[in-house]
K.L.:
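Dumping the structure here so I can ask a few things about it.
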Amino acid sequence: MIGVDTNVLVRVFVDEAPEQTSAALHLLSGLSQDNPAFVGTIVLIELAWVLKRSYGFDDNAILVAVDSLLESANIEIEHADMVQAAVSAAHEHGSDLADSLIALSAVAAGASKVVTFDKNAAKRIAGMELLA
């Protein structure tokens, strides 16, 4: 197994540097279920942020991208069940993937809630509460 950095995954979804995109796709196609790429949750959060802020992906396009990673036999996602739950929650509530992951990881660690100044997240994500 090898770890994959965010910038490698960005190239899979954005063909702005053709040589890097080719290298990233070649790497991933050479991996297997027995020898997968490891993608950490931090990488997924960073991927979502980069795709949104730098490349203008909307939340749904980001969720589709992460879904495709979850479905790949040659990619192992850290905390895959939690990531899948976050993707489902984000689809269902129209929320941000990162915020959904923040809430789910806090609850999994035993937190009773997550406080935030993000009004949208507090309205849409179970377990998040607006800090007044």
Side-chain angles (χ1 to χ4, degrees):
M1 178 168 21
I2 61 166
V4 177
D5 192 11
T6 307
N7 53 32
V8 173
L9 291 180
V10 168
R11 296 298 167 242
V12 169
F13 298 107
V14 179
D15 188 15
E16 125 182 304
E19 283 185 22
Q20 290 180 352
T21 296
S22 178
L25 292 172
H26 180 74
L27 169 75
L28 293 178
S29 69
L31 298 173
S32 67
Q33 193 168 8
D34 294 330
N35 183 32
F38 175 79
V39 176
T41 52
I42 293 170
V43 170
L44 291 176
I45 291 170
E46 192 175 44
L47 175 67
W49 189 87
V50 169
L51 292 177
K52 187 172 200 167
R53 301 284 185 239
S54 297
Y55 297 101
F57 280 46
D58 65 21
D59 288 335
N60 190 59
I62 292 166
L63 295 174
V64 168
V66 173
D67 265 334
S68 73
L69 296 174
L70 283 162
E71 293 171 3
S72 296
N74 61 343
I75 296 176
E76 182 175 319
I77 304 289
E78 180 182 29
H79 307 298
D81 290 342
M82 182 174 51
V83 172
Q84 183 61 64
V87 168
S88 295
H91 271 303
E92 184 178 332
H93 303 294
S95 58
D96 180 82
L97 175 65
D99 289 335
S100 293
L101 279 170
I102 289 166
L104 286 171
S105 66
V107 169
S112 61
K113 62 185 172 185
V114 175
V115 294
T116 183
F117 290 116
D118 183 338
K119 292 176 185 174
N120 192 34
K123 273 193 254 182
R124 295 181 177 190
I125 300 171
M128 290 194 112
E129 184 177 297
L130 195 61
L131 181 61

K.L.:
First locate atom CD1 of Ile75, then atom CZ of Phe38, and finally report the distance between them rounded to the nearest 0.5 Å.
P.N.:
12.0 Å

K.L.:
Find out whether Leu97 and Ile45 are in side-chain contact, i.e. whether some heavy atom of one side chain is under 4.5 Å from a heavy atom of the other.
P.N.:
no

K.L.:
Can you see which heavy atom on Val114 is nearest to which on Ala103, and at what distance?
P.N.:
CG2-CA, 4.0 Å

K.L.:
Nearest heavy-atom pair of Ser100 and Ala86: which atoms, and what distance?
P.N.:
CB-O, 3.7 Å

K.L.:
If you compare all heavy atoms of Asp118 against all heavy atoms of Asn120, which two are closest, and at what distance to 0.1 Å?
P.N.:
OD1-N, 3.0 Å

K.L.:
Do Asp5 side-chain atoms and Val8 backbone N/O form a donor-acceptor pair below 3.5 Å?
P.N.:
no

K.L.:
Are any of the side-chain heavy atoms of Val64 and Phe57 separated by less than 4.5 Å?
P.N.:
no

K.L.:
For the backbone of Gly94 and the side chain of Arg124, can you confirm whether one donor and one acceptor N or O come within less than 3.5 Å of each other?
P.N.:
yes

K.L.:
How would you list all residue pairs meeting side-chain hydrogen bond (donor to acceptor under 3.5 Å, both in side chains) that involve residues 72-82, not counting sequence neighbours?
P.N.:
Thr41-Glu78

K.L.:
Please examine the side chains of Leu69 and Leu47, heavy atoms only from C-beta on, and report whether any two atoms are closer than 4.5 Å.
P.N.:
yes

K.L.:
Does Leu130 have more than 12 heavy atoms from other residues, nucleotides or ligands lying within 6.0 Å of its CG?
P.N.:
yes

K.L.:
Taking the side chain as everything from C-beta on, heavy atoms only, tell me whether Ile102 gets closer than 4.5 Å to Met128.
P.N.:
yes

K.L.:
Of all the heavy-atom pairs spanning Leu70 and Gln84, show the shortest one and how long it is.
P.N.:
CD1-OE1, 3.3 Å

K.L.:
Hey, any chance Val4 and Leu25 share a hydrophobic cluster, counting ILVMFWY side chains that come within less than 4.5 Å of each other, even indirectly?
P.N.:
yes

K.L.:
Distance from Leu9 atom CG to Glu46 atom CD, nearest 0.5 Å?
P.N.:
10.0 Å

K.L.:
Locate the shortest heavy-atom distance separating Leu31 from Pro36; write the atom from each residue and the value.
P.N.:
CD1-C, 4.1 Å

K.L.:
Mind checking the CD1-CG spacing from Ile125 to Asp96? Nearest 0.5 Å is all I need.
P.N.:
7.0 Å

K.L.:
Nearest heavy-atom pair of Thr21 and Val14: which atoms, and what distance?
P.N.:
OG1-O, 3.4 Å

